[in-house]
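Quick notes on the structure that follows.
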Amino acid sequence: MNVFALFQTRVADALKALYPSLAEDILSRIVVEPPRDASHGDLSTNAAMVVAKPLGKNPREVAAAIAAEFKADTGVAAVEVAGPGFINFRLNTPIWHAVLKSVATQGADFGRADIGKGEAVNIEYVSANPTGPMHVGHTRGAVFGDALASLMAYSGYDVTREYYINDAGSQIDTLAKSTLLRYREALGETIEIPSGFYPGDYLIPVGQALAAEFGSELLEKSEAAALPIVKERVLVAMMDLIRADLARLNVHHDVFFSERQLHGQGGDIDTTLEWLRDEDMIYQGRLEPPKGKTPEDWEDREQTLFRATNYGDDVDRPLVKSNQQYTYFAADIAYHRNKYLRGFKHMVNVLGADHSGYVKRLQAAVKAVSHGEAEIDVRICQLVRLLKNGEPFKMSKRSGDLVLLSDVVEEVGADATRFMLLYRRNDAAMDFDFAVVKEQSRDNPVFYVQYAHARTYSVFRQAAEKLPGLDLGFGALTGADLSLLSSDADLELIKALAQWPRIVASAAEAHEPHRIAFYLYELASAFHGFWAKGNQDVALRFVNADDSMLTKARLSLVAAVRQVLVNGLSLLGVSAPEELS
RNA sequence: GGCCCCGUAGCUCAGUCGGAUAGAGCGCAGGAUUCCUAAUCCUGAGGCCACGCGUUCGAAUCGCGUCGGGGUCACCA
């Protein structure tokens, strides 16, 4: 039950009855939300101000007319016009008790919405090159994409979580060569790793596995013959490594899409370019060097260009390199056409800040290959600066100069890592201080929220102890007399719960999972606040040994808080422990 | 030089498809535990929302410009 959506509809209906000429798209701009100042009431709407202009009427006049429609409503205790034309509603308590009831009956589905209407959305995230283990730079995008996917699935989209494996470029050739060296090392040779190769220890076991599988057989082949075999093995090994790293963070994908399958004669890239040519989206031409500084090896040449400028990009983009291979972008156009042909009209890509220059051409590509039928939202995750006590972070590394994702998870745990990364807007750079994130204290919102959840279990333990005969089962609680929950403190907490569905909807629409994290913090705060009131006022305790009826009602409130905390934490992929150790 | 992101309390950040007196945590000052976990709560101080101009009933939010921080700029992926 979403109280806000309910009144949005009712206000819109009232307006339609009053002014039949109003267009639907104007009505859709009406917002019903809690007023900033709670003393203004429970709900507030800008409806009158939104429609006043198209109607050519005074906002306060319209507001008064709408308000009159609700005067006789039994659910509405008071309705008044305020300020420039806000309409404020104060609701009667049975509505809030109905919300509480619906949390119990809907359970994990309380907050689930159907804004996606079952439409397919493809969310691509991580897509790190399979050349080694995941490092911290990948972590934010991984967590963000994963949480966004959960959020959109919860909001009625048919979500596919996808990982694009960049397994076709020259980096992969270098990876194979590096692995071949490790293979020779495993056979007893002393090797030296040239600069430009991948020096990481993680290739040693791959070399050993090759030695175990092939003995010295590969040495007898030419490098050209051996490399493809090595490449197959090392790609599998690297993807296993990456999947294992992601699993540590509780990040998962449905589809791993290989770039290599797009290449080759008659492959998707060929057919896509042919199609683009037929559509006159490709031409042979020259590019201007970038303004400001010309690259030293700039070569003015005629090349195959995609008309990206026709679709909002700043320049047309090359599709074929000077060595006649396809550019990365050519493959990416084919890839996104493939997504479109698989039925995705909604796509989301989660990219790192270093790819922000890539956004426009990606949007251009999607627009072109779908004739404008598909849309792609590119979410950029800004850089994360690693700190320890305010100092730039260094730690012992197992490979290269990079701090690994697995190091971070080992150091602070998956829950804290995920929550902290999701407790920031994705498009703002952030600091990640290990000392703060590790500290299980008030500084750390993840423990604050988990503590609130654990406290709900504590309440039930207490109830079982103090009222041994009391039935605390689900059936008993749904039968509780909720009208006993009439204090301001009770209602305040229920109203916090009532926010959940609209928070989910707004977060899903905006593709902003951090709103979930902030809401959970607020709900936890409301719950901790209620708890503290019980210290002052016995009547506000959850457990009252001499009043089992009130206790039951309060316990159903506690159960509802727990349910919403669980619903939110599970969207974020953060655990909800019954006790903090 | 072009493009993208950011600039809000001492610090870290919410709030931004225009809405009422701009919020939270930390830090600072003070207070709460005979009673459900004080890993908690309550009170207080603290702001030209970087700056200027504009759009209108109304701007932290939208537009233009300036300043400051970060990212990025054919033939890498």
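Throughout, a chain's letter reflects where its sequence line sits, starting with A, and its residues are numbered from 1.
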Once you apply a heavy-atom cut-off of 4.0 Å, does [X] come out as touching a base, just sugar-phosphate, or nothing?
X: A:F518; result: sugar-phosphate
X: A:H514; result: sugar-phosphate
X: A:K533; result: nothing
X: A:D354; result: sugar-phosphate
X: A:P318; result: sugar-phosphate
X: A:N323; result: nothing
X: A:R317; result: nothing
X: A:L383; result: sugar-phosphate
X: A:N88; result: base
X: A:A82; result: base
X: A:E288; result: nothing
X: A:G169; result: sugar-phosphate
X: A:E465; result: nothing

With a 4.0 Å cut-off, would you call [X] and [Y] a salt bridge?
X: A:D433; Y: A:R385; answer: no
X: A:K177; Y: A:D173; answer: no
X: A:K495; Y: A:E492; answer: no
X: A:K360; Y: A:D313; answer: no
X: A:K339; Y: A:E124; answer: yes

Look at the side chain of [X] and decide which nucleotide, out of [options], has an atom nearest to it.
X: A:R425; options: B:U16, B:G71, B:C75; result: B:U16
X: A:M430; options: B:C75, B:C13, B:G71; result: B:C13
X: A:Y448; options: B:C75, B:U40, B:U16; result: B:U40
X: A:E512; options: B:G15, B:A14, B:C41; result: B:G15
X: A:Q171; options: B:A24, B:G71, B:C76; result: B:C76
X: A:Q462; options: B:C36, B:C4, B:A74; result: B:C36
X: A:W531; options: B:C36, B:G15, B:A20; result: B:C36

Using the [atom1] atom as the point on both nucleotides, what is the distance between [M] and [N], in whole Å?
N: B:U21; M: B:C26; atom1: C1'; result: 25 Å
N: B:C11; M: B:U16; atom1: C1'; result: 23 Å
N: B:C42; M: B:C5; atom1: C1'; result: 39 Å
N: B:U8; M: B:C3; atom1: P; result: 24 Å
N: B:A60; M: B:C51; atom1: C1'; result: 14 Å
N: B:A22; M: B:A50; atom1: P; result: 15 Å
N: B:G47; M: B:C6; atom1: P; result: 26 Å
N: B:A24; M: B:A14; atom1: P; result: 16 Å

Does the side chain of [X] get closer than 4.0 angstrom to OP1 or OP2 of [N] through an N or O atom?
X: A:K360; N: B:C3; answer: no
X: A:R455; N: B:A38; answer: yes
X: A:Y326; N: B:A77; answer: no

Roughly how far, to the nearest 0.5 Å, is CG of A:L477 from CZ of A:F460?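 One finds 5.0 Å between CZ of A:F460 and CG of A:L477.
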
Please give the nucleotide sitting opposite [N] as a Watson-Crick or G-U wobble pair, both distances under 3.5 Å, or none.
N: B:G27; result: none
N: B:G1; result: B:C73
N: B:A32; result: B:U40
N: B:C64; result: B:G52
N: B:G47; result: none

Quick check: any donor-acceptor pair below 3.5 Å linking the side-chain of [X] to the base of [N]?
X: A:S44; N: B:A20; value: yes
X: A:D167; N: B:A77; value: no
X: A:D297; N: B:C75; value: yes

Which whole-number value in Å describes the distance from A:D427 CG to B:G71 P?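 It is 16 Å, rounded to the nearest whole Å.
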
Parallel, tilted or perpendicular, as decided by the 30° and 60° cut-offs, for the rings of A:Y335 and A:F257: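 The arrangement is tilted - the two ring planes meet at 30° to 60°.
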
Near A:K321 NZ, under 6.0 Å, is it more than 12 heavy atoms from other residues, nucleotides or ligands?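 Counting other residues, nucleotides and ligands, NZ of A:K321 exceeds 12 neighbours.
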
